[in-house]
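Throughout, protein chains are lettered first and strands after them, A, B, ... in sequence-line order, and every chain is numbered starting at 1. Atom set for the values below is all heavy atoms of this structure, side chains included, hydrogens, waters and symmetry mates excluded.
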Protein chains: 2
Amino acid sequence: MNGTPGPGPAGGPAPRRDLAAMVVPLARALVAAEEPVLRAHRVSMWGYVVLNALAEQPVRTQAALAQSIGADKSRIISVLDELQEHGLIERRPDPADRRVHLLALTEAGRRRRESVRAAIQRQEEERVLAALPEADRAAFIRALRILSTLPPEDIRG
Amino acid sequence: MNGTPGPGPAGGPAPRRDLAAMVVPLARALVAAEEPVLRAHRVSMWGYVVLNALAEQPVRTQAALAQSIGADKSRIISVLDELQEHGLIERRPDPADRRVHLLALTEAGRRRRESVRAAIQRQEEERVLAALPEADRAAFIRALRILSTLPPEDIRG
DNA sequence: TATTGTTATACTCTATAACTATA
DNA sequence: TATAGTTATAGAGTATAACAATA
């Protein structure tokens with residue numbers, strides 16, 4: 001309700017809520033906001049995560065892909081199955097080691113990812129970033145970029 | 001690895017990852033960082049959320065409390081049981097309406113919440129905010145404060 | 001009949017552990 | 001024997017629905 005909640009006139013360090021207490025609800029809201037967009041584009045949340053991962057770092061084995069998105073290797077299998085059925089990725093056995101499946105985006109996959117991304121980011125600009133003082137937007141995104149790529153160990157201690 | 005990933009020289013709007021793709025991993029890392037602190041203070045994550053909620057808006061019914069923290073009323077019951085066992089909150093039947101239980105922090109609860117909060121925020125200053133350019137820190141917190149209190153409907157559309 | 005707190009049930013995710021095929 | 005991918009099982013967390021007491 002008010003801008004500076006909390007302790008009285010005594011002063012002291014300006015009180016703030018814990019970062020987690022602010023970031024977690026924001027994360028939930030952002031994910032919820034993506035859901036209708038993803039549905040409209042016929043892609044699941046994990047499917048979109050995988051499309052992004054493959055677009056950012058072209059080829060990899062399934063285990064490496066899983067690790068890069070913080071998932072278990074068993075968890076992404078149904079996701080890959082579905083993406084493949086829809087023609088968005090290719091899975092081809094590696095001639096050099098027939099145990100591994102080489103992963104690659106198809107052209108359709110690349111296009112799909114682009115249109116989902118455009119729709120999501122447009123919504124973010126209009127509904128999220130627009131709520132911020134214009135002078136703070138760049139700093140906010142800069143901070144997010146830094147913190148989201150910080151190794152979790154650095155944060156845990 | 002590099003500051004400005006992505007598309008080549010063509011230009012266009014500076015590419016960025018989706019906000020959700022940055023905020024979700026950050027949220028996970030922040031929660032993971034709180035866990036050892038909470039364990040050391042013998043409070044569960046949900047317990048701490050409840051202590052904070054009660055400290056910020058003193059008295060309320062269980063249903064209202066649940067709603068204020070985005071949980072189902074059935075989900076907080078075991079949490080309240082445990083906090084009460086530990087003497088951190090009081091649950092007293094409302095004389096005016098004997099269906100409702102009036103909730104209140106005990107003095108021990110208030111103190112416990114304060115020490116957990118101090119420990120968590122100290123860690124956040126040292127490990128998270130310290131990673132940001134100093135000029136960006138205030139803007140980052142300002143932005144979080146605004147966005148985390150934005151009604152989810154405003155974000156979803 | 002509607003509402004508060006509670007308990008019981010079901011469902012969704014996720015992690016773990018077995019299994020196969022290659023190496 | 002060790003590893004990549006897959007499948008099956010089990011566990012945690014959450015939501016939904018039924019219940020008793022009170023209004």
Side-chain angles (χ1 to χ4, degrees), chain A residues 20 24-25 27-32 34-35 38-39 43-50 53-54 57-85 88-104 152, chain B residues 20 24-25 27-32 34-35 38-39 43-50 53-54 57-85 88-104 152:
Chain A
V24 169
R28 266 202 274 265
L30 288 171
V31 167
E34 286 197 358
E35 272 160 6
L38 291 168
R39 254 198 311 277
V43 186
S44 70
M45 182 70 70
W46 279 109
Y48 181 53
V49 171
V50 165
L54 289 177
Q57 298 213 20
V59 301
R60 243 144 54 255
T61 132
Q62 290 186 195
L65 170 66
Q67 192 187 3
S68 83
I69 61 178
D72 191 86
K73 63 178 176 164
S74 67
R75 208 162 89 191
I76 63 172
I77 295 203
S78 60
V79 180
L80 295 177
D81 289 346
E82 202 186 324
L83 290 174
Q84 190 173 23
E85 276 172 33
L88 303 178
I89 65 167
E90 270 186 357
R91 257 198 292 202
R92 309 197 329 182
D94 181 349
D97 179 346
R98 297 198 357 244
R99 291 175 304 182
V100 338
H101 292 190
L102 295 176
L103 300 172
Chain B
V24 169
R28 266 202 274 265
L30 289 171
V31 168
E34 286 197 359
E35 272 159 6
L38 292 169
R39 254 197 310 277
V43 187
S44 70
M45 182 69 70
W46 279 109
Y48 181 53
V49 171
V50 166
L54 289 178
Q57 299 213 16
V59 302
R60 245 148 46 260
T61 133
Q62 292 186 194
L65 171 65
Q67 191 186 3
S68 84
I69 61 179
D72 191 86
K73 61 177 177 164
S74 68
R75 208 162 88 192
I76 63 171
I77 295 202
S78 60
V79 179
L80 295 176
D81 289 346
E82 201 187 325
L83 290 174
Q84 190 174 24
E85 277 172 32
L88 303 178
I89 65 168
E90 271 185 356
R91 255 196 295 199
R92 310 194 332 182
D94 182 348
D97 180 346
R98 297 194 3 241
R99 291 174 304 181
V100 338
H101 292 191
L102 295 175
L103 300 171

*Tell me: CD1 of Ile69(A) to C1' of dT14(C), nearest whole Å?*
13 Å
*Could you tell me the separation between the CZ atom of Arg99(A) and the C1' atom of dT22(C), rounded to a whole number of Å?*
6 Å
*Does Leu80(A) reach the side chain of Leu65(A), with side-chain heavy atoms less than 4.5 Å apart?*
yes
*asked:* For a quick test of reading the model, state the closest non-hydrogen atom pair linking Ala27(A) to Ala27(B) and the distance between them.
replied: CB-CB, 4.1 Å
*On DNA chain C, nearest-nucleotide positions of Asp72(A) versus Pro95(A): which is more 5'?*
Asp72(A)
*Protein-nucleotide distance (Gln62(B), atom CD; dT4(C), atom P), rounded to Å*: 11 Å
*Considering heavy-atom distances to DNA chain D, does His101(A) or Lys73(B) have its closest nucleotide positioned more toward the 5' end?*
His101(A)
*Length of the CD1-P vector between Ile77(A) and dT16(C), whole Å*: 16 Å
*Hey, is the side chain of Arg91(A) poking within less than 4.0 Å of OP1 or OP2 on dT6(D), counting only N and O atoms?*
yes
*So what does Asp97(B) touch, heavy atoms closer than 4.0 Å: a base, only the sugar-phosphate, or nothing?*
sugar-phosphate
*Using the closest heavy atom to pick a nucleotide of DNA chain D for each, name whichever of Arg28(A) or Leu103(A) lands nearer the 5' end.*
Leu103(A)
*In Å, rounded to the nearest 0.5 Å, how long is the span from CD of Gln67(A) to CG of Asp72(A)?*
11.0 Å
*asked:* Can you give me the closest heavy-atom contact between Leu54(A) and Leu103(A), atom names plus distance?
replied: CD2-CB, 4.2 Å
*Should the heavy atoms of other residues, nucleotides or ligands under 6.0 Å from CZ of Arg28(B) be counted, would the total exceed 12?*
no
_Mind checking if Ser74(A) touches a base, just sugar-phosphate, or nothing, with heavy atoms under 4.0 Å?_
base
*Write down the distance between CG (Asp81(B)) and P (dT6(C)), rounded to a whole number of angstrom.*
7 Å
*Look at Arg98(A) and dA4(D) and indicate whether a side-chain polar atom (N or O) is within less than 4.0 Å of OP1 or OP2.*
no
*Starting at atom CZ of Arg75(B), determine the distance to atom P of dC11(C), rounded to an integer number of angstrom.*
19 Å
_Please report the distance, rounded to the nearest Å, between CD in Gln67(B) and P in dT4(C)._
11 Å
_Can you see if the side chain of Trp46(B) gets near the phosphate of dT14(D) - specifically, an N or O under 4.0 Å from OP1 or OP2?_
yes
_For atom CG of Asp94(A) and atom C1' of dT3(D), their distance in whole Å_ = 14 Å
